[in-house]
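One structure is given here, and the rest of the page talks about it.
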Amino acid sequence: MTTQVISNGRTSRECRSRMTIGVGEKCSVTTARHFLGSREQKSQAFTYSSTAIVLHWVIAALILVNVVLGFGANYVPDEYVRQFVDLHKSVGITVLGLAILRILWRLMHKPPLLPTSYSPFEQLAAHSVHWMLYVLIFAIPVSGWLHDSAWKEAATHPVFLYGIIPWPRISWIQNIEPTTKERLHTILFNIHVYLNYALYLLLALHIVGALKHQFWDGEAELQRMIPPRRR
Ligand code: HEM
């Protein structure tokens, strides 16, 4: 069946309704044979898969929880500090596992197209921020794990994820001579903290960009990352 699409992949019906058409987006109709024929195909072209959506929101929620736990450990009474830090490590290692899955998923799947109404600068900025976020969701837990492995009391405080699953320290760090290890412990903590600062900055850009596209440009930006039933 012949389907009419405009140059940026919108169907002619969308052009007519203008519900999903961005400001400044042209509706010059061309004809294509098999492109975006069904509702399902159209949805696949512009939205993330369920796997990507679940990983995105679970990782985002766990990172938020872990920032609260990481900072919270500085402010809670002494008797709760260990519980906070231990839970922080468990959640952080969970994020590491999910981040690896997310990055593998991303390497094996093409993300949905960005609307062509986005300027080349916006497209480049969006892709750059996404890749830097992938790096950070991996590097932050790894830096925490390295920092924790350099802790002088690591041997007497083994890690059990959620109090149940034994989790190893990185042995070559544990075996470093104590004075150097203590210095490394401090350096790795600073790296952990500064990577978190970078995360806050990139998250702010990511969120401001998404909100700008949604509410200023009138694009269905947030719908790309929510489950189909809720769209
Ligand atoms: C989602 C991943 C993670 C995030 C977002 C995160 C974030 C943070 C933040 C915001 C702090 C507080 C920094 C400060 O006090 O200025 C912190 C501290 C810390 N993090 Fe992480 N972290 C993550 C993963 C991990 C992992 C996987 C480990 C270890 C296995 C870890 C070990 C630590 C330790 C030991 C501290 C110091 C806590 C204290 O003694 O007060 N982190 N982290």
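In listed order, ligands and their atoms are each counted from 1.
- Counting the atoms of ligand 1 from 1 in the order shown, those under 4.0 Å from a heavy atom of Lys89 are 29 (C), 30 (C).
- Of the N or O atoms in Tyr197, none lie within a sub-3.5 Å distance of an N or O in ligand 1.
- Looking only at protein heavy atoms, the nearest one to atom 2 (C) of ligand 1 is Asn66 ND2, 3.6 Å.
- Within the listing of ligand 1, atoms 1 (C) sit less than 4.0 angstrom from a heavy atom of Val95.
- The protein heavy atom nearest to atom 16 (O) of ligand 1 is Phe71 CE2, 3.5 Å.
- Contacts with ligand 1 closer than 4.0 Å are made by no heavy atom of Tyr194, backbone or side chain.
- Considering backbone and side-chain atoms alike, Asn74 places an N or O below 3.5 Å from some N or O of ligand 1.
- For ligand 1, the atoms closer than 4.0 angstrom to any heavy atom of Val193 are 13 (C), 16 (O).
- Nearest non-hydrogen protein atom to atom 5 (C) of ligand 1 is Asn196 OD1, 3.4 Å.
- Nearest protein neighbour of atom 4 (C) of ligand 1, counting heavy atoms only, is Ile140 CG2, 3.4 Å.
- Scanning the protein for heavy atoms near atom 37 (C) of ligand 1, the closest one is Phe189 CE1, 3.7 Å.
- Protein heavy atom nearest atom 32 (C) of ligand 1, with residue, atom name and distance: His88 CD2, 3.7 Å.
- With hydrogens left out, the protein atom closest to atom 40 (O) of ligand 1 is Val85 CG2, 4.0 Å, a heavy atom.
- Protein heavy atom closest to atom 11 (C) of ligand 1, with residue, atom name and distance, is Gly70 CA, 3.7 Å.
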